[in-house]
J.: 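Encoded as structure tokens, here's the structure I'll be asking about.
Chain naming here is simple, since letters A, B, ... match the order of the sequence lines and numbering starts at 1 in each.
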Number of protein chains: 2
Amino acid sequence: MAGKRRYEDGCAFAQGLDVVGERWALLVVRELMFGPKRFSDLKSDLTGIATNVLTQRLTDLEAAGVISRRDLPPPTRGRVYALTDWGRELAPVIEVMGRWSARNPRLQFGWPLSVSAAMMSLGSMFDPSRAEGVEAALQFDFGGELFAVTVADRRLRVDPGRHPAPQVTVTGDQNELLPVLYAGMPVAEAEANGLAVEGDREVLRRFATLFPMPDPAPLPVTAT
Amino acid sequence: MAGKRRYEDGCAFAQGLDVVGERWALLVVRELMFGPKRFSDLKSDLTGIATNVLTQRLTDLEAAGVISRRDLPPPTRGRVYALTDWGRELAPVIEVMGRWSARNPRLQFGWPLSVSAAMMSLGSMFDPSRAEGVEAALQFDFGGELFAVTVADRRLRVDPGRHPAPQVTVTGDQNELLPVLYAGMPVAEAEANGLAVEGDREVLRRFATLFPMPDPAPLPVTAT
DNA sequence: CCGAATCCTGTCCGATACTG
DNA sequence: CAGTATCGGACAGGATTCGG
């Protein structure tokens, strides 16, 4: 419940911060972006979140209309949390802010990304102007979570589930793939690191050129 | 300073939240979007912020490279805070999130908007598809803060300062103009409320059709 | 075992008073 | 004008416990 600390500001943006501006809230949304999850999945994907905080966020986000909870039918007992249509419309917010954050001069590359974070980052970093004439159909399998990724008509699609006709299939840990996309690591090196690539490696290599990293912003002139 | 509570998440988006995800941070950025401001201006435009919190945010945002502080040359004693180039790139983040928030089913219209909030909302709500063939040149004067607003080539520009050749000039309180843009209030009614309109009222009337309000998202099925 | 409620502790926020 | 000092209270973080 909570005493609901709010900005009393007529600005819709500020009222949006009242809904999803609290700590962890947008990360919960990010984790649900590709489909419903259970409490324990959220807890393990959001490393560091406390159970009571997660409970609180789920309660608040449901009350606001951003997510909904559903009880699973037997035999799979349990409940899952899913974005509402309105909640799913936060995807551009996450993508645009992710793109801004890519210029963070203090960006850290050491920490791992969750599967959802890695897949959302594709939409953030995709550059349509580089996709002229590119057609690609990829399937990713990150520990059993499948994604169908398609580039066509200068657009990128990232859908949960199996791809009907992939040209290349990538299986392994998402954190082994990301250096190929964002740091120019050769595909062969990622394979040596444990990533399994089946099919047309050239499609993956070409795909990896569509996600340019922007230059980092300047650090402040720390007069400390 | 401070023990800097951080998500230790490799996701650039999450690291962006580490920079501008704290309470009030993005509202400070919003207030600086059209030019530098002094501490006391920020304090009065952000109704409800405590001075120590504002100090803390300005310190943190400067350390992160989002804003910079400059001491004014004599005779105007004092210092001002300005966005860095990287900080200015947060404009799309605020606009996209503002657009999402416009569908908030609990959106409150009672509270006033600051001048910067009102001007940022134009960029959020502008619909290019409605601006086909529209050319408009407006000047707004909100208590001495001037803005040059231009629609041309299906694009909207909102710049601080005087417009070189306005077709219509609006003077008064920004909160008297907004119902004309977002709630279909007739220009004449806003004038009766105290807004001063000089020049071609038809330009303003046409301008007001470019900012459609989306349907609110459904409220959750409160099964309390 | 999953989802959540309940401690307790530490940090951050909010409001006001005060100072260079 | 531009902050600092102070303090109560709200919220986050972590561990433990409870109910289905």
Side-chain angles (χ1 to χ4, degrees), chain A residues 1-9 14 17-28 31-32 36-64 67-82, chain B residues 1-9 14 17-28 31-32 36-64 67-82 223-224:
Chain A
M1 301 287 108
K4 282 270 106 193
R5 188 174 48 167
R6 282 179 302 161
Y7 310 107
E8 307 203 340
D9 190 324
L17 290 179
D18 285 332
V19 175
V20 294
E22 282 162 303
R23 200 164 158 70
W24 292 105
L26 276 174
L27 297 180
V28 170
E31 288 304 318
L32 294 176
K37 285 187 180 179
R38 304 155 47 138
F39 187 93
S40 53
D41 293 328
L42 288 168
K43 168 98 173 88
S44 67
D45 292 336
L46 295 167
T47 50
I49 195 171
T51 59
N52 56 351
V53 174
L54 180 53
T55 300
Q56 182 74 52
R57 288 300 160 269
L58 292 170
T59 303
D60 291 347
L61 289 172
E62 186 191 16
I67 68 174
S68 63
R69 75 182 71 199
R70 297 188 217 139
D71 288 313
L72 289 177
T76 28
R77 200 156 64 257
R79 62 176 39 158
V80 294
Y81 299 86
Chain B
M1 305 273 97
K4 282 269 103 191
R5 188 175 48 166
R6 283 178 301 160
Y7 310 107
E8 307 202 341
D9 190 325
L17 290 179
D18 284 332
V19 175
V20 294
E22 282 160 304
R23 201 162 159 70
W24 292 105
L26 276 174
L27 297 180
V28 170
E31 288 304 319
L32 294 176
K37 285 188 180 177
R38 319 154 84 110
F39 188 93
S40 53
D41 293 329
L42 288 168
K43 168 96 173 92
S44 67
D45 292 338
L46 295 168
T47 50
I49 195 172
T51 56
N52 58 348
V53 174
L54 179 53
T55 300
Q56 182 73 52
R57 288 301 161 270
L58 291 171
T59 304
D60 292 347
L61 290 171
E62 187 190 17
I67 68 175
S68 64
R69 78 182 68 197
R70 294 187 220 140
D71 288 314
L72 288 177
T76 28
R77 199 157 64 256
R79 62 176 39 157
V80 293
Y81 297 88
T224 318

J.: Does C:dA4 have its OP1 or OP2 closer than 4.0 Å to a side-chain nitrogen or oxygen of A:Thr51?
T.: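 For C:dA4, OP1/OP2 do not have a side-chain N/O of A:Thr51 under 4.0 Å.
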J.: Nearest-Å distance, CG (A:Asn52) to P (C:dA5)?
T.: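 In whole Å, C:dA5 P and A:Asn52 CG are 10 Å from each other.
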J.: Do any side-chain nitrogens or oxygens of A:Tyr81 fall under 4.0 Å of OP1 or OP2 in C:dA4?
T.: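 True: A:Tyr81 side-chain N/O within range (under 4.0 Å) of C:dA4 OP1/OP2.
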J.: Give the rounded distance in Å between these two atoms: NZ of A:Lys37 and P of C:dG3.
T.: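 Between P of C:dG3 and NZ of A:Lys37: 13 Å.
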J.: What is the distance from CG of A:Asp41 to C1' of C:dA4, rounded to the nearest Å?
T.: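 Answer to the nearest Å: 16 Å.
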J.: Report the distance from atom CD of A:Glu22 to atom P of D:dA10, rounded to the nearest whole Å.
T.: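 Answer to the nearest Å: 15 Å.
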J.: May I ask you to verify if any side-chain N or O of A:Arg5 is less than 4.0 angstrom from the OP1 or OP2 atom of C:dC13?
T.: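 Looking at the OP1 and OP2 atoms of C:dC13, neither is under 4.0 Å from any side-chain N or O of A:Arg5.
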J.: Check whether any side-chain N or O of B:Lys43 sits under 3.5 Å from a backbone N or O of B:Thr51 as a donor-acceptor pair, and report yes or no.
T.: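 Answer holds: no.
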J.: If only atom types and distance count, is the side chain of B:Arg57 paired as donor or acceptor with the main-chain N or O of B:Arg23 below 3.5 Å?
T.: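 Yes, B:Arg57 side chain to B:Arg23 backbone: donor-acceptor pair under 3.5 Å.
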J.: Nearest to the side chain of B:Ala50, heavy atoms from C-beta on, is which of C:dA15, D:dG13, C:dG3?
T.: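 Of the options given, the side chain of B:Ala50 lies nearest C:dA15.
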J.: Take A:Val80 and A:Tyr7, find for each the nucleotide of DNA chain C with the closest heavy atom, and name the residue whose nucleotide sits nearer the 5' end.
T.: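 Looking at the nearest nucleotide for each, A:Val80 comes out on the 5' side.
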J.: Round to the nearest Å and state the distance from A:Leu42 atom CG to C:dC2 atom C1'.
T.: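 In whole Å, C:dC2 C1' lies 13 Å from A:Leu42 CG.
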J.: Output the rounded distance in Å from CZ (B:Phe39) to C1' (C:dT19).
T.: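 Interatomic distance, CZ of B:Phe39 to C1' of C:dT19: 14 Å.
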J.: Does B:Thr55 put a side-chain nitrogen or oxygen below 4.0 Å from OP1 or OP2 of D:dG3?
T.: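 Result: no.
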J.: Rounded to the Å, how far apart are A:Ile49 CD1 and D:dG13 P?
T.: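 Computing the A:Ile49:CD1 to D:dG13:P distance gives 8 Å.
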J.: When the distance from CD of B:Gln56 to P of D:dA2 is rounded to whole Å, what number comes out?
T.: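 For the pair B:Gln56 CD and D:dA2 P, the rounded distance is 19 Å.
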J.: Does D:dG3 have its OP1 or OP2 closer than 4.0 Å to a side-chain nitrogen or oxygen of B:Arg69?
T.: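 Yes, B:Arg69 has a side-chain N/O under 4.0 Å of OP1/OP2 on D:dG3.
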J.: Heavy atoms, side chains only, cut-off 4.5 Å: are B:Leu42 and B:Leu58 in contact?
T.: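 Yes; the side chains approach each other to less than 4.5 Å.
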J.: For D:dG13, does either OP1 or OP2 sit under 4.0 Å from a side-chain N or O belonging to A:Arg23?
T.: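 The answer is yes; a side-chain N or O of A:Arg23 sits under 4.0 Å from OP1 or OP2.
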J.: Below 4.0 angstrom, N of the basic side chain to O of the carboxylate: do B:Arg79 and B:Asp71 qualify?
T.: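 A salt bridge is present here (some side-chain N lies under 4.0 Å from a carboxylate O).
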J.: Indicate yes or no: at least one non-hydrogen side-chain atom of A:Glu8 is less than 4.5 angstrom from one of B:Thr47.
T.: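 Not touching, per the 4.5 Å side-chain cut-off.
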J.: OP1 or OP2 of C:dC1 sitting under 4.0 Å from any side-chain N/O of A:Arg79?
T.: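 Result: no.
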